[in-house]
Amino acid sequence: MLRIESLSLGQGPAIYAFYENKEDLFMTVFREAMQSYNSFIQEASEEQKALSAKDSLYRILARQYEFYQRSPEASLIVLRYVIFPPAFLKETIDEAFLHSDELLTKAIEQLIVQGIKEGVIREQPVELLVDSFLNLMDGLSMQYFYYTSKEVYERKLNHAFEMYWNGARS
């Protein structure tokens with residue numbers, strides 16, 4: 001994995017021995033940041049086998065928060081370039097994001113179906129619940145960058161999840 005902080009100014013010409021151009025280098029860094037996020041969120045899947053659907057969904061939000069704290073550089077790269085991609089890389093960034101979104105959507109969908117089977121989530125369209133949860137995650141992503149206070153962010157995370165859960169539960 002290419003570590004952003006390990007690059008120094010003197011390595012410029014040498015780095016092009018490994019990358020075709022600066023766009024190739026940028027996309028490698030972007031994809032690795034996305035992969036790092038995906039892996040971190042997916043690691044929760046193993047932990048969640050013993051948890052209820054509610055606790056598993058909450059754990060995804062908590063893992064996202066942990067990722068932002070542990071990997072601030074990767075978090076900023078992904079957020080910045082998903083929201084404001086350079087025009088010449090928009091299509092490539094969109095593809096990388098959609099792949100990540102697909103993985104996350106499947107994981108959330110499985111947890112929601114589990115909750116419906118457990119009887120803790122009322123019978124309703126799974127897509128509606130998945131899309132709402134993804135929007136909750138997106139909103140909390142922005143909140144993380146707005147508020148530097150851990151207490152304020154955690155309050156907002158807990159309140160937002162509680163409202164989501166109140167709408168989803170049986």
Side-chain angles (χ1 to χ4, degrees), residues 1-5 19 23-86 88-118 120-121 123-145 153-154 156-158 160-165 167-169:
M1 174 184 260
L2 176 66
R3 303 305 273 165
I4 298 161
E5 59 274 2
Y19 302 97
E23 290 82 11
D24 184 37
L25 171 62
F26 172 84
M27 285 310 301
T28 298
V29 171
F30 180 81
R31 283 189 184 104
E32 287 185 7
M34 289 292 295
Q35 179 58 42
S36 159
Y37 174 77
N38 291 337
S39 296
F40 194 79
I41 298 298
Q42 294 293 329
E43 286 172 14
S45 297
E46 291 304 312
E47 301 168 7
Q48 292 168 340
K49 290 180 180 173
L51 299 176
S52 68
K54 178 182 181 180
D55 291 341
S56 294
L57 288 168
Y58 182 85
R59 187 74 186 118
I60 288 175
L61 298 176
R63 290 288 290 180
Q64 178 177 254
Y65 179 49
E66 289 171 35
F67 179 77
Y68 293 154
Q69 290 180 312
R70 291 183 186 182
S71 305
E73 297 88 7
S75 301
L76 286 170
I77 286 171
V78 170
L79 185 65
R80 162 79 168 87
Y81 291 107
V82 164
I83 295 174
F84 302 110
F88 66 98
L89 290 175
K90 182 174 180 2
E91 190 175 314
T92 308
I93 289 172
D94 286 351
E95 284 176 25
F97 171 77
L98 290 175
H99 174 71
S100 174
D101 187 61
E102 186 178 311
L103 295 173
L104 188 56
T105 297
K106 286 179 183 176
I108 293 165
E109 185 176 283
Q110 289 172 348
L111 294 173
I112 289 171
V113 168
Q114 171 192 338
I116 291 171
K117 287 178 182 175
E118 291 173 359
V120 295
I121 296 176
E123 190 70 40
Q124 55 190 306
V126 172
E127 184 178 41
L128 175 103
L129 294 166
V130 170
D131 288 347
S132 297
F133 192 84
L134 289 169
N135 282 315
L136 174 61
M137 289 183 76
D138 290 346
L140 286 169
S141 291
M142 296 307 294
Q143 294 291 303
Y144 176 78
F145 294 101
Y153 179 81
E154 288 177 354
K156 291 181 177 293
L157 184 155
N158 290 325
F161 181 75
E162 193 61 33
M163 290 303 295
Y164 174 82
W165 187 253
R169 72 178 178 191

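FYI, side chains are in, hydrogens and waters are out, and symmetry mates aren't considered; it's all heavy atoms of this structure.
Considering CD of E23 and CG of L89, their distance stands at 6.0 Å, rounded to 0.5 Å. The structure places CZ of F133 at 5.0 Å from CD1 of I108, a figure rounded to the nearest 0.5 Å. A distance of 8.5 Å separates CG of L79 from CZ of F84, quoted to the nearest 0.5 Å. The CH2 atom of W165 lies 14.5 Å from the CG atom of N158; values are rounded to the nearest 0.5 Å. With rounding to the nearest 0.5 Å, the separation of CG in L51 from OH in Y58 is 12.5 Å. Taking OG of S36 as the start and CZ of R31 as the end, the distance is 15.5 Å to the nearest 0.5 Å.
With contacts defined as side-chain heavy-atom distances shorter than 4.5 Å, the pair L111/R59 does not qualify. Contact of the M137 side chain with the L61 side chain is registered, since non-hydrogen atoms from C-beta on lie closer than 4.5 Å. A 4.5 Å side-chain heavy-atom check between M34 and F30 finds at least one atom pair inside the cut-off.
For the pair A33 and F67, the tightest heavy-atom approach, listed with the atom from each and the gap, is O-CZ, 4.2 Å.
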Side chain to side chain contact (heavy atoms under 4.5 Å, CB included) between E109 and I112, worked out: CA-CA 5 Å; E109 185 176 283; I112 289 171; 5.8 Å; no
Test log, rule side chain to side chain contact (heavy atoms under 4.5 Å, CB included), inputs L57 and F161: CA-CA 9 Å; L57 288 168; F161 181 75; 3.9 Å; yes
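In this structure, Y37 contributes its side chain and Q64 its backbone to no donor-acceptor pair below 3.5 Å.
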Listed pairs under 3.5 Å, donor-acceptor, residues 91-106 side chains, sequence neighbours left out:
{"unit_1": "D94", "atom_1": "OD2", "unit_2": "K90", "atom_2": "NZ", "d": "2.8"}
{"unit_1": "S100", "atom_1": "OG", "unit_2": "N38", "atom_2": "OD1", "d": "2.6"}
{"unit_1": "T105", "atom_1": "OG1", "unit_2": "D101", "atom_2": "O", "d": "2.7"}

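Residues satisfying the ring pair (Phe, Tyr, Trp, His ring centres under 6.0 Å) criterion with Y65, sequence neighbours excluded, are Y144, Y153.
A donor-acceptor pair shorter than 3.5 Å can be found between the side chains of Q35 and S39.
Put simply, the residue from E118, Q110, K117 that forms a side chain to side chain donor-acceptor pair (under 3.5 Å) with Q114 is E118.
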